Amino acid sequence: MRGAISLAAILPALAACGPMSVEQAERECLERARGAAHPTGFIEAGIGRGGAEGAIEIDINSDYLSGKDPAALYNACVTRKTGRLPRQPLYTRPDWKG
């Protein structure tokens with residue numbers, strides 16, 4: 001009985017290790033490519049009861065600092081996750097804003 005319980009707990013984790021769809025890999029790898037293309041982040045500002053408030057966050061990826069090609073990283077990432085090339089090149093994707 002004890003073995004059945006631990007096997008039931010492990011099965012969902014093993015299912016997550018299965019092959020990833022090309023679509024999901026492209027979404028995940030697109031974010032890595034964006035980090036290689038330029039620093040990312042945000043700036044917030046506002047005024048509240050306590051006065052003026054603000055925040056700045058800037059993320060600089062090591063791929064950007066190394067000067068790596070975002071398209072090459074994207075292709076390699078999708079291939080590593082799925083064993084297949086992306087359905088279309090990075091620079092032709094409508095959601096690419098490099």
Side-chain angles (χ1 to χ4, degrees):
M1 182 70 174
R2 184 175 182 191
I5 292 171
S6 60
L7 181 59
I10 293 173
L11 284 177
L14 290 176
C17 295
M20 179 181 286
S21 71
V22 173
E23 295 82 8
Q24 177 65 29
E26 288 174 342
R27 281 191 297 273
E28 290 180 12
C29 296
L30 179 63
E31 293 308 311
R32 180 166 183 201
R34 283 190 179 124
H38 51 75
T40 59
F42 66 88
I43 298 174
E44 293 179 338
I47 298 175
R49 289 186 177 181
E53 297 181 12
I56 298 174
E57 179 179 310
I58 299 174
D59 295 320
I60 300 175
N61 189 308
S62 63
D63 293 330
Y64 172 75
L65 293 174
S66 303
K68 293 185 179 174
D69 177 24
L73 287 172
Y74 176 75
N75 289 343
C77 178
V78 173
T79 302
R80 185 179 65 255
K81 290 177 180 279
T82 65
R84 297 175 50 200
L85 289 171
R87 294 173 297 165
Q88 69 183 93
L90 175 67
Y91 298 134
T92 64
R93 289 180 56 103
D95 54 354
W96 171 252
K97 296 175 179 101

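This is a predicted model, so every value here is computed, not measured.
- Within the structure, salt bridge (charged side-chain N to carboxylate O under 4.0 Å, His left out) pairs that include any residue of residues 70-79 do not occur (at least two apart or interchain).
- Contacts classified as salt bridge (charged side-chain N to carboxylate O under 4.0 Å, His left out) and involving residues 60-71 (residues at least two apart or in different chains) are given here: Arg32-Asp63, Asp63-Lys68.
- Screening residues 84-98 for salt bridge (charged side-chain N to carboxylate O under 4.0 Å, His left out), with sequence neighbours left out, gives Glu23-Arg87, Glu26-Arg87, Glu26-Arg93, Arg93-Asp95.
- Two different hydrophobic clusters hold Leu73 and Val78 under the rule that ILVMFWY side chains link at heavy-atom gaps under 4.5 Å.
- Remark: Ala37 pairs with Pro70, Trp96 by the side chain to side chain contact (heavy atoms under 4.5 Å, CB included) rule, at least two apart or across chains.
- Put simply, Tyr91 and Leu30 are part of the same group of oily side chains (I, L, V, M, F, W, Y) that touch within less than 4.5 Å, one to the next.
- Remark: Thr40 OG1 to Asn61 CG distance equals 7.5 Å, nearest 0.5 Å.
- Residue Ile56 belongs to a hydrophobic cluster whose other members are Ile43, Ile58, Ile60, Tyr64, Leu65, with links defined by side-chain heavy atoms closer than 4.5 Å.
- Every pair tested for salt bridge (charged side-chain N to carboxylate O under 4.0 Å, His left out) that includes a residue from residues 38-62 fails, sequence neighbours excluded, so the list is empty.
- Inter-residue side-chain proximity for Cys77 and Glu31 is flagged as unmet; no heavy-atom pair is nearer than 4.5 Å.
- Side-chain contact between Ser21 and Thr82: absent, with no pair of heavy atoms (C-beta onward) separated by less than 4.5 Å.
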